[in-house]
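Each chain gets a letter, A, B and so on, in the order its sequence line appears, and its residues count up from 1.
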Amino acid sequence: MSEKELPKAYDPKAVEEKWYGFWTAKNYFHADETAGGASFSMVIPPPNVTGSLHIGHALNNTLQDILARWMRMSGRNALWVPGTDHAGIATQNVVERQLAQEHINRDALGREQFIAKVWEWKKEYGGKIIGQQKRLGASCDWERERFTMDEGLSRAVREVFVRLYEEGLIYRGERLINWCPRCHTALSDIEVEHEDEKGKLYHIAYPLSHDHNIRLTVATTRPETMLGDTAVAVHPLDPRYKELIGKMIDLPLTTRQIPIIGDSVLVDLEFGTGAVKVTPAHDFNDYEAGQRQLPNLPRIKILDDKAAILSEIPDALPDVLKHIAGKPARKARGMVVELLQEQGYLIKTEDHSHSIGKCYRCKSVVEPYLSPQWFVKMQPLAEPAIKVVEEGRVRFVPKGWENTYFDWMRNIKDWCISRQIWWGHRIPAWYCDDCNAITVSRSDATSCAKCGGKNIRQETDVLDTWFSSALWPFSTLGWPDKTKELSVYYPTSVLITSFDIIFFWVARMIMMGLHFMKEVPFKDVYIHALVRDAEGQKMSKSKGNVIDPLVMIDQYGTDAFRFTLTAFAAQGRDVKLSPERIEGYRNFANKIWNASRFVMMNLEAEFSPNAELVVQHTSLADHWILSRLNSITKDVQAALVEYRFNDAASTLYQFIWHEYCDWYLEFSKPALYLDKGTPARTAAQTVLVHVLETALRLLHPIMPFITEEIWQTLPEGVRSRKSGVRSESIMIAAYPVADEKRIKPEIEQDMQMVMDSILALRNIRGEMNIAPSLQITAVVKGETEEICRHLEKSAGYVKTLARVSELRIGVNETKPRTSATAVIKGAQIYVPLEGVLDLTQERDRLQKEIAKISKDIEVFSRKLSNRDFVDKAPKAVVEKDTAKLEEFRVKREKLEQSLKLLG
RNA sequence: GGGCGGAUAGCUCAGCUGGGAGAGCACAGCCCUUACAAGGCUGGGGUCACAGGUUCGAUCCCUGUUCCGCCUACCA
């Protein structure tokens, strides 16, 4: 047989590292900005340095790698920029925890030392995820790997900050913001996750100042904040209370008297008691209502930065504070309620569920907190960003996500960008102790820009991590310098990401890209699904349902894992993943492996394809598989263009397994068993290996490793060439392009008839329990001479694949006595059963089939006797159905005859 | 409260602009046939969530209902 033999089963471990090393050594992943040609570019969503590759990254990176490899093979100057995000709060938390184990406290360490520790940590662990992306096969240009805190990107951050400040789009002010008492920092609105919680609604009576016998009952879920109440609101149209507006009320537990105000936004007539306590320092609604109604309404803070009750609150009774000062808000709640009850102010308590905000990093309850922060004015930036999506200059795929984007963008609020942590880009602003002016500067300031004084100190806050991510598409390409990279690769071609960071990242990139580059950052945004477990649950460590990509890769191989993710990445659907699925595609990899092994076994070492021989000796099966190959090449290309990754995957799966392996390899066997050098054999070999080689190239973007491994073992002459030069790797070979002339529907139809005949005969064998080893006789009655001639030519296929020793074909053939019958389009097939038959079973089968077809006939007759249908439906449809009905009738007649003949 | 998506075979899902319901897995039967048992061949299995409407005809379009996800919100 052959000199070249592959191992019997595909072993991913043995090949993956080898080829990844090869590709890297050859520098294939590197994109050359001076190379010219049409470019294709993407930036990776930078994973957190703290992260390790989870299944979401794996899907995200796989899809990008498919595009990168496909585009590269298609001749584009393809760049995929990798990198990591410093992930301010997340990383600081991780390092703090690590230090805590060594009993080191952040504050004791000091800012400088702590940051040094984080860098140390980053150096040691920050590269972990990069290594994992490499195991996934990611073809990123690693020479261009960036980090959001590296020198160049930090420069971009400062440039952006200063320019926005100078344009008046960044400002500092005291506002009510979301505060995480655990991380000890401000958060932006979208960094707060809302969760439903079962709580209580407390009804508390506030006595009117001028007459203690009249009491107004307010309802609240947070009684402890009442110490910060500075008003009570009622609806201005509420007949119960409108007389009271403007009157004063005594705030229980304090000596404070506060006004009753009317506010139609704050108060819902239908809810609670119709009266609301107003705590502007600790509630967003109340803060806004205060600004709306009484700009001078005092804001009394009652919680400190750890969400504990302050020890000094204006007008609070001393005994109250002695009691609860220093207690966390939640604990204080019960104590306040107790006090109110003792003093007769608590009217009642009822169950009530409402949503509370939690920190997206540490899940602590977030407090509205009054503090000075830095903000970006968003509306001027949002408007052009809305426009480009409306105009289609940025296209979301699937389109539905555009609504999500618009909703948020049209109601956008100013972005709180300051964080009270240490790890991140320190805000380049300096406060002057002499004149209080703020100096904002690209380089570290040494004196006050206003008074020239040297008494300045830098802002201690750092920027929100997402501030630097927003610049990613251009900062990674060298901005603010005018680089060749920017001119070649910006705007990038497509961004691949998941929906949960549309606000955090996608929207902000569009805004910043438009503002600073005057051009969109990417033309398409492909939003992929979220990966869930087999039960549809979000994967999380606490649920214990996490599938570790690295474990899957170890177990089933990278290619099988990648293929699984691709196959399930249907647009707009969540991916439900389970190891069994990966196993299924591991089997696919093995199938490809063995098919290749078969091909190789049937090639001489010195084999070289012979195109001329193919022209002269091409069989029907050859034409057929070539037609199918070109047809699916077209489909795969079309699917990739439209980001229908799953369609590309299933098309290839279907073709390789069920057309190439199941049928074509079997068809080719007779020719392959001819003597060496026989023209028909050489022709078959040529087609066999050509289709394999093309299919491997089509599949390479999804399954890079196995395709390279097999491709490299193919004989020299059959590996595709690029401009006449044999490619030294499949990853730089040309991506197949369909040759439309080779797609021949009539050939596919002819082949279908052959396959139908084989299926029919197999079916008879199966149903009649004819031993597989037993050769049978088959009689075919074709409806026309043409059909008979065609089947006669293909008799070899039928004989081999259906194990038929004697095959009689003709228009005048008749049904032999006691034979099984099968009807296919254009012919009847009979198998004499003498010696092998089970009459009862066969009778059952025929009766069943007659019943089935009778039902079809009934349906169609009814349809065709409907005058409306015949008159109004398109002619072609009516004709088609009429023909079908006739076909069914003939078929039924044949079946009934067979049944009779069977006796 | 607002919005989006889903409901098709036991399971997971395809079904493009309406024209006799599909795949994979699982299941059952038969096969170690010289590429592959991680395999081959064959088979069973569905009122397309429910109720209306449009149409000659609806899994597909429209309306409503129920259930399930998710996003979003200033639900004291």
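Between the side chain of A:D283 and the backbone N or O of A:D286, at least one donor-acceptor pair lies under 3.5 Å. Side-chain N or O atoms of A:N646 include none that pairs as donor or acceptor with a backbone N or O of A:T566 at under 3.5 Å. When atom types are taken as modelled, the side chain of A:E709 and the backbone of A:V15 share no donor-acceptor pair closer than 3.5 angstrom. One N or O on the side chain of A:N590 and one on the backbone of A:Y10 form a donor-acceptor pair closer than 3.5 Å. Under the 3.5 Å distance criterion, the side-chain polar atoms of A:D351 are left unmatched by any main-chain donor or acceptor of A:K200. Proximity of a side-chain donor or acceptor of A:K277 to a complementary backbone N or O of A:V218 within less than 3.5 Å is not detected. The main-chain N or O of A:L688 is found under 3.5 Å from a side-chain atom of A:Y660 such that the two form a donor-acceptor pair. Side-chain atoms of A:R681 come within 3.5 Å of backbone N or O of A:L672 as a donor-acceptor pair. A donor-acceptor pair under 3.5 Å is formed between the side chain of A:N866 and the backbone N or O of A:D868. Of the possible polar contacts, one joining the A:N411 side chain to the A:D407 backbone as a donor-acceptor pair under 3.5 Å is found.
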Are there any protein N/O atoms within less than 3.5 Å of an N/O atom in nucleotides 52-56 of chain B, and if so, which ones and at what distance?
{"unit_1": "B:rC56", "atom_1": "OP1", "unit_2": "A:K872", "atom_2": "NZ", "d": "2.7"}
{"unit_1": "B:rC56", "atom_1": "O2'", "unit_2": "A:N866", "atom_2": "ND2", "d": "2.7"}

Could you run down the sub-3.5 Å N/O contacts of the protein with nucleotides 20-28 of chain B?
{"unit_1": "B:rG20", "atom_1": "N7", "unit_2": "A:K884", "atom_2": "NZ", "d": "3.0"}
{"unit_1": "B:rG20", "atom_1": "N2", "unit_2": "A:D856", "atom_2": "OD1", "d": "3.2"}
{"unit_1": "B:rG20", "atom_1": "N2", "unit_2": "A:D856", "atom_2": "OD2", "d": "2.5"}

Distances under 3.5 Å between nitrogen or oxygen atoms of protein and nucleotides 41-44 of chain B:
{"unit_1": "B:rU42", "atom_1": "O3'", "unit_2": "A:N763", "atom_2": "ND2", "d": "3.4"}
{"unit_1": "B:rG43", "atom_1": "OP1", "unit_2": "A:N763", "atom_2": "ND2", "d": "2.4"}

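Rounded to the nearest Å, the gap between the P atom of B:rA21 and that of B:rG40 is 29 Å. For the C1' atoms, the distance linking B:rA58 with B:rU17 amounts to 15 Å, nearest Å. Nucleotides B:rU8 and B:rU42 place their C1' atoms 25 Å apart, quoted to the nearest Å. Rounded to a whole angstrom, the distance from the P atom of B:rU66 to that of B:rG24 is 38 Å. Spacing between B:rU72 and B:rA14 at atom P, rounded to whole Å, works out to 24 Å. When the P atom is compared between B:rG3 and B:rG43, the two are found 49 Å apart, to the nearest whole Å. With C1' as the reference atom, B:rG46 and B:rG20 are 15 Å apart, rounded to whole Å. Separation of the C1' atoms belonging to B:rC32 and B:rC41 is 14 Å when rounded to the nearest angstrom.
Counting only heavy atoms from C-beta outward, the side chains of A:K799 and A:Q775 never approach each other to under 4.5 Å. Contact annotation: the side chain of A:L761 approaches that of A:V798 to within less than 4.5 Å [non-hydrogen atoms, C-beta and beyond].
Between the CD1 atom of A:I710 and the C1' atom of B:rC36 there is a distance of 12 Å, rounded to whole Å. The distance between atom CH2 of A:W408 and atom P of B:rU72, rounded to the nearest whole Å, is 11 Å. Rounded to an integer number of Å, the gap from A:E666 CD to B:rC36 C1' is 11 Å. We find that CD of A:E197 is positioned 15 Å from P of B:rC75, with the value rounded to whole Å. When rounded to the nearest whole Å, the span between CZ of A:F598 and P of B:rG39 equals 18 Å. The distance between atom CG of A:N646 and atom C1' of B:rG15, rounded to the nearest whole Å, is 12 Å. Between the OH atom of A:Y660 and the C1' atom of B:rC36 there is a distance of 14 Å, given to the nearest Å. With rounding to whole Å, A:E350 atom CD is found 11 Å from B:rA76 atom C1'.
Picking from B:rC71, B:rA35, B:rA38 the nucleotide with the shortest atom distance to the side chain of A:R597 gives B:rA35.
Nucleotides of RNA chain B nearest to A:N587 and A:K8 differ in position, and the one nearer the 5' end is that of A:K8. Nearest-nucleotide positions on RNA chain B for A:F503 and A:S355 put A:F503 closer to the 5' end.
Of the N and O atoms on the side chains of A:K413 and A:S188, not one donor lies less than 3.5 Å from an acceptor on the other residue.
Of the residues listed (A:F396, A:W408, A:F499, A:F406), the one engaging A:W401 in a ring-ring contact (aromatic ring centres under 6.0 Å, His included) is A:F499, and it is the only one.
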Intra- and inter-strand pairing of RNA chain B, written as dot-bracket with Watson-Crick and G-U pairs under 3.5 Å and | for the latter, reads (((((((..((((.....[..)))).(((((.......))))).....(((((..]....))))))))))))....

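For A:K669 and B:rU33, the shortest distance from a side-chain N or O to OP1 or OP2 is not below 4.0 Å.
Here A:A233 lies out of heavy-atom contact (under 4.0 Å) with every strand. Residue contacts for A:G557: at a heavy-atom cut-off of 4.0 Å it reaches no nucleic acid atom on any strand shown.
In summary, A:E858 and A:R862 engage in a salt bridge, as defined by a charged side-chain N under 4.0 Å from a carboxylate O.
In this structure, A:K591 is not positioned above the aromatic face of A:Y653 in the sense of NZ or CZ being under 6.0 Å from the six-membered ring centre and within 45° of the axis.
Shown here for A:I582 and A:Y556, the closest heavy-atom pair between the two residues is CG2-CD1, 3.5 Å.
Partners of A:Y202 according to the ring pair (Phe, Tyr, Trp, His ring centres under 6.0 Å) rule, which considers only residues two or more places apart in sequence or in another chain, do not exist here.
Using a 4.0 Å cut-off on heavy atoms, the residues of residues 219-226 of chain A that approach RNA chain B are A:A219, A:T220, A:T221, listed by number.
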